[in-house]
Amino acid sequence: MSKNNDIYNFKIDDSESYFRRYTTTDYVMIGLMILLTITGFGFIFALAIAFIYPRMTSQICISEYSNPDKKMWISKTDWDDYRTSNDVSLFQEYRRAKRFIPEKETSIGVADELAKYKKLLDNEIITDDEYNAKKKQLLNL
C-alpha cells in the first residue's frame with residue numbers, strides 16, 4: 001500500500017465488506033446529466049454521458065463498512081471483480097447496506113463442554129443426575 005495524502009492504493013480483502021464512495025467527478029457528472037436532461041436537445045448528450053462515464057473511470061474510491069472514514073482507491077477491474085463475486089449490482093454499489101459475512105464458527109470440544117458442566121456440578125448449580133444426563137448426551141452413550 002502506498003500512502004498518498006491519507007488515501008491508499010489498496011487490494012480488496014475478501015473477508016471485508018465495501019461500498020463505493022461518490023467522488024467529486026461523480027457529482028459533477030450527475031449534475032451535468034440533470035442539467036442536460038432539462039434542456040431540449042441535451043437529453044441525447046445526457047444519455048451518452050450516462051452510458052460512457054461508468055466505462056471510462058480507471059480508479060474507484062471505496063470504503064470498508066467497518067471503517068467508513070478510510071478512503072481507498074482501487075482499479076475499476078478489481079472493483080468489478082469484487083461486485084461480481086459478492087453479488088453487488090450497479091444500483092447497490094454506492095449503498096452502505098452491509099452485506100452478510102458469515103462469522104467463523106468456533107467449536108467447543110466435548111472435553112470443554114464436560115469441564116463446563118463439571119464446574120457447574122462442583123458449584124452445586126446442577127445435580128449429579130443432570131450432570132450424568134448431559135455427560136451421556138455429549139458422549140453419545
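Only heavy atoms go into these numbers, but all of them, side chains included; no hydrogens, no water, no symmetry mates.
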Just do the side chain to side chain donor-acceptor pair (under 3.5 Å) check on Asp26 and Thr23 with the steps written out, would you? CA-CA 5 Å; Asp26 293 329; Thr23 61; 3.2 Å; yes
Could you give me the CA-CA distance, side-chain angles and deciding distance for Trp73 and Ile60, then say whether side-chain contact (heavy atoms from CB on, under 4.5 Å) is met? CA-CA 5 Å; Trp73 289 91; Ile60 303 293; 5.8 Å; no
Same apolar cluster (I L V M F W Y, side chains within < 4.5 Å links), Met33/Leu35: no
The criterion is side-chain contact (heavy atoms from CB on, under 4.5 Å); which residues satisfy it with Ile125, sequence neighbours excluded? Leu120, Asn123
Using side-chain heavy atoms (C-beta onward) and a distance below 4.5 Å, is Met72 in contact with Glu64? yes
Value for CD1 (Ile74) from CD1 (Ile12), rounded to nearest 0.5 Å, stands at 3.5 Å
Decide yes or no on side-chain contact (heavy atoms from CB on, under 4.5 Å) for Thr127 and Glu130, but give the supporting numbers first. CA-CA 5 Å; Thr127 65; Glu130 291 172 320; 3.3 Å; yes
Is there a path of hydrophobic side-chain contacts, each under 4.5 Å between heavy atoms of I, L, V, M, F, W or Y residues, that connects Ile38 with Met29? yes
Report the residues that fulfil salt bridge (charged side-chain N to carboxylate O under 4.0 Å, His left out) with Asp80, sequence neighbours left out, ordered by chain and then residue number. Lys76, Arg83
Atom of Leu139, atom of Leu114 and distance for their closest heavy-atom approach: CD2-CD1, 4.2 Å
So Lys135 and Leu138, do their side chains get closer than 4.5 Å, heavy atoms only? no
Just so I know, are the side chains of Glu113 and Lys116 near enough to count as touching, which here means a heavy-atom distance under 4.5 Å? yes
Could you walk me through whether Ile62 and Phe19 satisfy the side-chain contact (heavy atoms from CB on, under 4.5 Å) test, starting with their C-alpha distance in whole Å, then the side-chain angles of each, then the deciding distance to 0.1 Å, before giving a yes or no? CA-CA 6 Å; Ile62 64 170; Phe19 65 94; over 6 Å; no
Given 3.5 Å as the limit, does a donor-acceptor pair link the side chain of Ser63 with the main chain of Asp69, or not? no
Test of understanding: with side-chain hydrogen bond (donor to acceptor under 3.5 Å, both in side chains), list the residues that count as partners of Asn132, not counting sequence neighbours. none
Those residues at least two apart in sequence (or on a different chain) that pass ring pair (Phe, Tyr, Trp, His ring centres under 6.0 Å) with Tyr22 are Tyr27, Tyr94
Are any of the side-chain heavy atoms of Tyr117 and Ile126 separated by less than 4.5 Å? yes
Please list, chain by chain and in numerical order, all residues satisfying side-chain hydrogen bond (donor to acceptor under 3.5 Å, both in side chains) with Thr77, sequence neighbours excluded. Ser75
Do Ser17 and Tyr82 have side-chain heavy atoms sitting under 4.5 Å apart? yes
Could you tell me whether the side chain of Lys118 reaches within less than 4.5 Å of the side chain of Tyr131, counting heavy atoms only? yes
Could you list the residues that satisfy salt bridge (charged side-chain N to carboxylate O under 4.0 Å, His left out) with Asp129, not counting sequence neighbours? none
Within this structure, what is the OH-CG distance for the pair Tyr18 and Asn86, rounded to the nearest 0.5 Å? 10.0 Å
